[in-house]
There are 2 protein chains.
Amino acid sequence: MFAMPRAATTTDVFNAIAEPRRREIIGVLGDGKAHAVGELVHRLHMPQPAVSKHLGVLRKVGIVSRRRHGQRRLYRLNAEELRPVHDWVKAYQRFWAHQLDRIKERAERKAAERLDSKRRQDKDEEEKPW
Amino acid sequence: MFAMPRAATTTDVFNAIAEPRRREIIGVLGDGKAHAVGELVHRLHMPQPAVSKHLGVLRKVGIVSRRRHGQRRLYRLNAEELRPVHDWVKAYQRFWAHQLDRIKERAERKAAERLDSKRRQDKDEEEKPW
DNA sequence: TTGACATATTCCCATATAGGAATATAATAT
DNA sequence: ATATTATATTCCTATATGGGAATATGTCAA
């Protein structure tokens with residue numbers, strides 16, 4: 001009876017932004033202004049129902065807010081909802097940001113210097129030593 | 001006949017990290033050291049096949065590397081692969097980090113206080129002005 | 001009213017899960 | 001050789017998609 005398939009996109013922010021088109025939508029809304037559905041349809045070259053559906057997902061998660069303006073619906077980004085993602089991934093920033101401005105990332109341990117080469121593990125090289 | 005369902009988790013990093021358990025695994029591997037599957041099974045209280053499958057996904061995307069050590073498989077984080085996520089979400093950091101301190105981000109606490117009413121837009125308040 | 005416009009919703013469907021159980025493969029130990 | 005340990009893979013299934021098409025809802029204008 002307990003069949004737990006893939007996590008629902010409406011579950012959390014991580015799932016919501018997993019969709020490329022939704023990230024595109026967020027990208028347009030990234031200017032902080034309100035945008036009508038039709039404008040998104042036009043700028044992103046996406047069918048209108050698709051845009052509405054994706055906006056619905058984003059709204060359910062809280063990433064966007066909706067306002068009514070005449071016969072249009074204006075959507076606006078609630079960027080704070082993206083903060084959990086930023087906070088999560090920020091913890092791994094030290095692995096690639098050695099040389100980053102000391103101002104921001106002041107000597108975050110030298111543990112990352114061991115990342116010499118970026119290897120993709122194909123079957124051929126999967127047994128190669130690190 | 002073109003039925004394009006959800007994007008495959010093995011497609012890109014965003015989908016790979018959408019799974020909570022996979023983020024847990026990444027969390028353990030976040031120390032930069034190599035970990036055996038069994039250790040992850042023990043520490044995360046997950047069934048072994050589940051761990052192996054999730055590691056398979058992470059490996060396909062490039063987030064982890066695999067090494068052989070005796071009869072064990074040691075997995076290690078390729079944190080640089082998380083950089084696209086960081087770069088993407090970083091663009092929205094400005095929305096909640098207005099008062100970001102030049103030297104450090106101590107002032108984040110202030111910004112956190114501003115997150116007073118995290119409003120989910122239900123039908124009742126969906127027409128409320130911003 | 002009617003009609004045009006803007007957006008949302010419903011229906012159908014092919015596909016990709018993620019979990020569980022069982023099994024397979026691989027390496028080591030006896 | 002067999003047994004044990006460690007990990008991977010296969011099979012199954014319930015579910016949640018995301019796209020397309022059609023339709024419904026809602027708003028404004030004449």
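Chain naming here is simple, since letters A, B, ... match the order of the sequence lines and numbering starts at 1 in each.
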[X] [atom1] to [N] [atom2], straight-line distance once rounded to whole Å:
X       : N      : atom1 : atom2 : result
B:Leu74 : D:dT5  : CG    : P     : 19 Å
B:Glu24 : C:dA18 : CD    : C1'   : 14 Å
B:His54 : C:dG19 : NE2   : C1'   : 8 Å
B:Arg66 : D:dA6  : CZ    : C1'   : 13 Å
A:Arg72 : C:dC5  : CZ    : C1'   : 9 Å
B:Gln48 : C:dT23 : CD    : P     : 15 Å
B:Lys53 : D:dC12 : NZ    : C1'   : 10 Å
A:Arg59 : C:dA8  : CZ    : P     : 8 Å

Checklist entry - Is the NZ or CZ atom of B:Arg59 both under 6.0 Å from the centre of the six-membered ring of B:Tyr75 and within 45° of that ring's axis? => result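 No, a cation-pi geometry is absent between B:Arg59 and B:Tyr75.
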Nearest listed nucleotide, side chain of [X], among [options]:
X       : options                : value
A:Arg22 : D:dG18, C:dT7, D:dT9   : D:dG18
B:Arg68 : D:dA8, C:dG19, C:dA27  : C:dA27
A:Pro49 : D:dA22, D:dG18, C:dA22 : D:dA22

Are any side-chain N or O atoms of A:Arg73 and backbone N or O atoms of A:Arg68, one a donor and one an acceptor, separated by less than 3.5 Å?
->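 Pair absent, no side-chain N/O of A:Arg73 close to backbone of A:Arg68.
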(message) Please evaluate residues A:Arg23 and B:Asp12 with respect to the criterion salt bridge (Lys or Arg N to Asp or Glu O under 4.0 Å), reporting the C-alpha separation (whole Å), side-chain torsions for both, the decisive distance (0.1 Å), and the verdict.
(response) CA-CA 13 Å; A:Arg23 289 201 300 278; B:Asp12 65 339; 3.5 Å; yes
Check this one for me: any side-chain N or O of B:Tyr75 less than 4.0 Å away from OP1 or OP2 of D:dA8?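 It does, given that an N or O in the side chain of B:Tyr75 lies less than 4.0 Å from OP1 or OP2 of D:dA8.
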**Q.** Heavy-atom closest contact (A:Tyr92 atom, B:Gly30 atom, distance)
**A.**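 Closest pair (atom of A:Tyr92, atom of B:Gly30, distance): CE2-CA, 3.8 Å.
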- Closest non-hydrogen atom pair between B:Asn78 and B:Ser65, with its separation: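 For B:Asn78 versus B:Ser65, the nearest heavy atoms are ND2-OG, 2.7 Å.
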_Just to be sure I understand the rule, does A:Pro47 reach a base, reach only the sugar-phosphate, or reach nothing, if contact means heavy atoms closer than 4.0 Å?_
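Counting heavy atoms under 4.0 Å across all strands, the contact made by A:Pro47 is with sugar-phosphate only.
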5' precedence on DNA chain D between A:His69 and A:Ala50 (nearest-nucleotide basis) |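 Counting from the 5' end, the first nearest nucleotide belongs to A:Ala50.
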